[in-house]
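Note sheet for the following structure.
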Amino acid sequence: MLLQFWFMPKIKQVYFYLNSLNNKFNSLSLTKELIKAFLLFLAGFISLDCGLPDNTTYIESTTGINYISDAAYIQTGIGKSILPEFQTGLPRQTWHLRSFPKGDRNCYNLSLRKGDEYLIRATFVYGNYDEMNKPPKFDFHLGPNLWTSVTIQNASVVISMEIIHVIQSNRLFVCLVNTGNGIPFVSALELRLLNNATYRTQIGSLQLFTRLDVCSTTGSTFRFKEDIYDREWWPYNRNDWTPVTTSYTVTAGSNLYQPPSLAMRTACIPVNSSQSLVFSIDPSSVPNAEFYLYMHFAEVQQLQANESRKFNISYNGQFWFGPVIPFYLASTTVFTRSALTGGDYQFSIYRTADSTLPPILNAIEIYTVKSFVQYETIETEIMYDIIVDAISNIKSIYGLQRNWQGDPCVPEAYSWDGLNCSYNGYNPPRIISLNLSSSGLNGEIPPYIISLTQLQYLDLSNNSLTGPVPEFLSQLQSLTVLNLDGNMLNGTIPSALIERSKNGLQLSIDGNPNLCVSLPCKKNKKKNVVVPIAASVASFSVLIIVLATIWRLLKRRQPPLGMTSITKLFSTDLCLLNLLSDGNTDDESNTLFQSLELKNRRFKFSEVQTMTNDFKRVLGTGGFGNVFYGNIDDTEVAVKMLSLSSSQGYKQFEAEVKTLFRVHHANLTSLIGYCNEGANLGLIYEYMAKGNLAEFLSGISTRILKWEERVRIALEAGQGLEYLHEGCRPPIIHRDVKSSNILLNEDFQAKLADFGLSKTFPIEGGSHISASVAGTTGYLDPEYRTSFILTKKSDVYSFGVVLLEIITGKPAVINAQTNNVRTHISKWVSSILSRGDIRSIVDQRLDGDFDVNSAWKAVEVAMLCVSHNSTRRPTMNEVVLELSQCLSAERARTTGEHGNKSKNPVDMMTMSLSTEIGPVPR
Ligand SMILES: *[C@@H]1O[C@H](CO)[C@@H](O)[C@H](O)[C@H]1NC(C)=O
Ligand SMILES: *[C@@H]1O[C@H](CO)[C@@H](O)[C@H](O)[C@H]1NC(C)=O
Ligand SMILES: *[C@@H]1O[C@H](CO)[C@@H](O)[C@H](O)[C@H]1NC(C)=O
Ligand SMILES: *[C@@H]1O[C@H](CO)[C@@H](O)[C@H](O)[C@H]1NC(C)=O
Ligand SMILES: *[C@@H]1O[C@H](CO)[C@@H](O)[C@H](O)[C@H]1NC(C)=O
C-alpha cells in the first residue's frame, strides 16, 4: 500500500501515456490491457464484482476497469446471477451478485490505510436472481455506522450509492444487515483512492447528492476513463441556459479536484446574456440534510482583448464569493469549507459590472453530510490478528457458526460471540472479556493478547494450545479470570502469574498434562492444588482487611443520639457493596475507604458556624433550605443547611447524601463534608464561584456566554448526567435536571448539583421505576407525568429543555408579553424550526457569532431529547457524543478564523491551477 501511494501520481501519468499509445500499437493491446489493469490497481482502484466465482477477473469494456471476484474479501454469502432478461443493457459488474441468506450481519473486510480517503460506490441490481420476484429491503453499514437503508423497488433498476469517506483504521468493514425484510445482497463494490486534501468536511463523510456535467452535449453519463477518479457525471441541461463548448482539452493542472475535461469542455451561460445563472438545491428528498457544494469553472472561449468574463456568486440573496475569472482551458474549483444548512439553498452566479460576458458554469457537485457517530473498537486489529494467528483454517471459524465479522463491539447488537465490550460514552469501545473456549485454537497462546489491555476475563479453555504459559499474561492489569483448562500447554507457570493469582486473579490450568505447577517439576496430573490455595488465602486476607475497614468506619461514625440515618446509609450503600463483591484487590478497597474517610468529613455545628461566619452570606435557596458561603482554611465552600420544618426535606437530604457518597465525577458537585448534630443537618460542598447557569442565561446577566462556552457547559453537564446513567451501577436518575441545578466554578466549568430527588434503580438491570411525580415545571417529562414510570429518558427530556435554554437564552416556559400566553420552549423552537431559520432560534445576544453546523446539531439533539415519545429520545451517551462534535465544529471555526472575523457562515475557497502548468490545447 505504501508503494501505491508513493507511485500514484507517476502511475497515472504512465497510464495516460499508455492510453495515448492505444491507437498506434493495436498489436500490443493484450499485454497493454494487463499492464493497464495492474496500474489501475496500483492507482488505488479496488473493483469487486460481487458473486463472481473465486479467482476470476475481466476487463469491463466501456470503462476498461479490471473487476475481480469479491471472494477474497468476504467469507460468507453465496454467488448468484440476475436472470438473463435483466442483463441486457446493464454493465457486466451487475450481472453477478452475492446474497446473504444466513446471518444478521455479513461484512466485507478490506485492508486499507488509515487516513486515506476513498470514493466508495456500492451497486445493487436485484434482477429477480432468486426468482421470487420479491425485491428486499436491508441496511448497509460502513464500519459500525449505518450508511444507508437500501430499498429495492424494481428488479431492473440499478441502485448505486456513492460516498466519500476517510478510512478510520487500517481496515474497512462494509456490512449488509438483514432487517427482516428480505435477503440482503450486493452487486458491485468499488473503491477509488482520492487525494485526501480534497472533499474535506468538518464532521462526517460526503454522500453524493448529484454530480452534473452542466450543458452536456452528449446527453449521457460517463465515469472512468474520462474521470481519473471514476466519479460518475450526469448530463444537466436547461431551457434558460445555453451551451458554450470547446473542442480542446480543459486541463486540471494542479487543481486537486481534477474535474474531467469532458465535463469541463461544455458549459452553460444564460440565454439572455444580461441575466444570471440561478439554481437551487431541492432538499425535500433529504430532510435536515447539510450540503457541500463544489463548482467547477473554466473559460472555453478564446476572449478578445476587449472582452472579459468576471462573476460573483451569491447564496440566498447575499454575496458569497467572487470575483471569479475563469482561466482559458484550465479548471478552477470553488467549494464550501463548511456545510450549508437551513433548508434554503438559492444560488446565483452573476456578472460583475465590468464584465463584458455573462457568467459561466461548467460542472457542479453536491454532497450531503453523513455523520458517523459511532467509533470503531480500538482492538479490532488485534482481534483479527489473534484469529488469523491462532486459527489455522480461517474457514473453520465459520464452521463454528459464530458471528466473528466486522467490528467486534459495534453496533452493539451485532457484537462478536464470545466477547464483551465496555461502551464508554464518547470513547471508542474496548474489549473487556474474551471467551475463546472450544474454538479450535492451536499453536502457542497468541502474543497479541497482551494488547487487549482492558481485559478482565480471558477463557482459552478446551483448545489445542501448545507451548509455555507466557509471562506477559501477568501484565494484563485488569485481568481477574484466566482460564487455560484443557490445552496442551507445557513448561512452568511464570512466577509473576502465580503472584497475581495470590492477589485475586482466578487462574485455572486443569487438564494440561505437561504443565508443571511447581519446581521441581510436578506434572499437572489431576487437580492443580497450589493455585486455588493461594487464591483462597488471598481472598481470605482481602476479606479480613475489608471487615476491618468496615469496622473502623462504623466505629468512627458512631452517631450522636437521635441521629442514626446517616450511619445507616454507609452500611447499606449499594455501590460500596457492589465494589466489594466485584473482587477488587485489597489495595483498591482500601483506597476506596480512605477516600471516603477523607471526603466525608463530619463537622460539628459550631465548626459550621465558624466556617460560614455565623451564616452571614446566603448564596441561594436550595431544594430544602438555604445555602451559605463559607471557608475551611483557605478553601471556599458552600454550606447547605436543611430547614427543620419539612419532613420532605429530610428525605431529600438523605437522598443527596446517599448519592453523593457514591458518585465521583468532575462534572458532579462534590461533597466536602457534612454536619449531623442534633437537629442541625448540613452538607458542605465545593464552592462554585460563578453560581448557576440559569442566571447566566437570563436577561439580567451582563456576561454573555459565547457559543463555545455554551456548548462546552452543555457537554460537561451532559457528561455528569451520563455518568449517573451509565457509569453508576445500578444507575441513578437525577430527576431534577434544570439550568439552575447546573453550577459553574471560577473557570466556568459546569457541574450538576442537587441530588435531592435522585433515585437509584432498586434492582440491577432494572429499566424503570414507578415513582410519584416530582421535578420542576417545564422540565418534567410529559410521559412520566402521565405514566408515573421513571426511566433515564426522563432525565434526557429535562436535559433537552436545558439544552434549548442554552441555545436560545430563553426560559423553559416562555411568557408572551402581549397576550400572557405561556409556551413551552420546545414548542417555540419547533415552530421556528419548521421555517428552517436557525438564526432566529439561537440567542440573539450572540449576534450570529457561532458555527451554523454546530448550532444545527445542538438544536437537533435538543429536539430529539424533548421528543414526547421517550423511545425516540437518545441516550445520554449519544447526546454527549453529539455535543462533543458540536464543540469541535465550533472550535474548528474559532481557531480557523485567523483574526479576520467573518460573520458569514459559509466560507469558500478556490483551488485553481498554479501557473507552472499552462493550458495545453491538443
Ligand atoms: C492524508 O493521507 C496521508 C497519507 O495517508 C496521511 O499521512 C495524512 O494524515 C492524511 N491527511 C489527513 C488530513 O487525513
Ligand atoms: C421497472 O422499471 C422499468 C424501467 O424503469 C419499467 O419499465 C418497469 O415498468 C418497472 N417495473 C415495475 C414493476 O415498476
Ligand atoms: C458477556 O456478558 C454476558 C451478559 O452479562 C454474559 O452472559 C457472558 O457470559 C459474558 N461473556 C463473556 C465472554 O464474558
Ligand atoms: C465460553 O464459551 C463456551 C463455548 O462457546 C461456552 O460453553 C461457555 O459457556 C462460555 N463462557 C462464558 C462465561 O460465557
Ligand atoms: C471442547 O471442544 C470441542 C470442540 O473443539 C467440543 O466438541 C467439546 O464439547 C468441548 N468440551 C467442553 C467440555 O467444552
Side-chain angles (χ1 to χ4, degrees), residues 103-105 377-380 382-384 386-387 389-424 429-446 448-466 473 476-489 504-515 524-528 535 574 578-579 581-584 725-731 761 763-767 875 877:
D104 292 339
R105 179 178 70 154
T377 305
I378 298 243
E379 293 107 341
T380 302
I382 302 160
M383 282 312 301
Y384 277 89
I386 290 173
I387 285 186
D389 193 60
I391 302 180
S392 51
N393 177 3
I394 291 288
K395 293 263 180 198
S396 75
I397 298 175
Y398 302 95
L400 291 169
Q401 298 288 319
R402 296 214 181 135
N403 161 36
W404 281 348
Q405 289 193 64
D407 189 292
C409 299
V410 275
E412 204 173 337
Y414 303 103
S415 69
W416 285 17
D417 293 336
L419 57 74
N420 284 340
C421 310
S422 65
Y423 300 94
N424 188 355
R430 307 296 300 259
I431 294 170
I432 54 170
S433 71
L434 180 59
N435 179 3
L436 291 175
S437 172
S438 312
S439 301
L441 306 188
N442 49 37
E444 301 203 346
I445 291 179
Y448 311 101
I449 285 179
I450 182 68
S451 311
L452 299 172
T453 54
Q454 306 294 307
L455 214 55
Q456 297 165 10
Y457 174 101
L458 177 60
D459 186 346
L460 297 173
S461 65
N462 193 26
N463 285 299
S464 310
L465 294 167
T466 55
L473 290 172
L476 292 170
Q477 292 306 325
S478 309
L479 203 62
T480 56
V481 176
L482 174 59
N483 186 348
L484 301 173
D485 289 348
N487 280 292
M488 308 292 285
L489 300 166
L505 172 69
Q506 199 182 315
L507 171 66
S508 76
I509 50 166
D510 290 353
N512 285 283
N514 299 321
L515 198 58
N524 184 18
K525 276 273 142 42
K526 204 164 170 286
K527 266 245 176 283
N528 134 21
L574 288 166
N578 277 353
L579 281 168
S581 59
D582 270 357
N584 278 289
H725 287 183
E726 313 297 338
C728 264
R729 294 270 162 266
F761 282 100
I763 40 156
E764 180 87 40
S767 66
T875 64
N877 275 340

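Note that ligands are numbered from 1 as they come in the structure, with each ligand's atoms numbered from 1 the same way.
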Q: Flag atom 4 (C) of ligand 3 as yes if some protein heavy-atom distance to it falls below 4.0 Å, otherwise no.
A: no

Q. Does atom 7 (O) of ligand 3 have a protein heavy-atom neighbour under 4.0 Å away?
A. no

Q: To the nearest 0.5 angstrom, please state how far the CD atom of Q456 sits from the OG atom of S422.
A: 7.5 Å

Q) Any N/O of N435 closer than 3.5 Å to an N/O of ligand 4? A) yes

Q.
Ring centroids only, cut at 6.0 angstrom: are Y414 and W404 within range, meaning strictly under it?
A. no

(Q) If you take the nearest heavy atom of each of N420, D417, L419, which one is closest to atom 11 (N) of ligand 3? (A) N420

Q.
Side chains of D485 and S461 only: does a donor on one sit below 3.5 Å from an acceptor on the other?
A. no

Q. Between S437 and N462, does any side-chain donor sit less than 3.5 Å from a side-chain acceptor?
A. no

Q. Tell me, which protein residue and heavy-atom name are nearest atom 14 (O) of ligand 5, and how many Å apart are they?
A. N462 ND2, 3.2 Å

Q: For a side chain to side chain contact (heavy atoms under 4.5 Å, CB included) with L458, tell me which candidate from L473, I445, N483, V481 qualifies.
A: L473

**Q.** Which of the ligand 3 atoms, numbered from 1, are nearer than 4.0 Å to a heavy atom of S433
**A.** 12 (C), 13 (C), 14 (O)

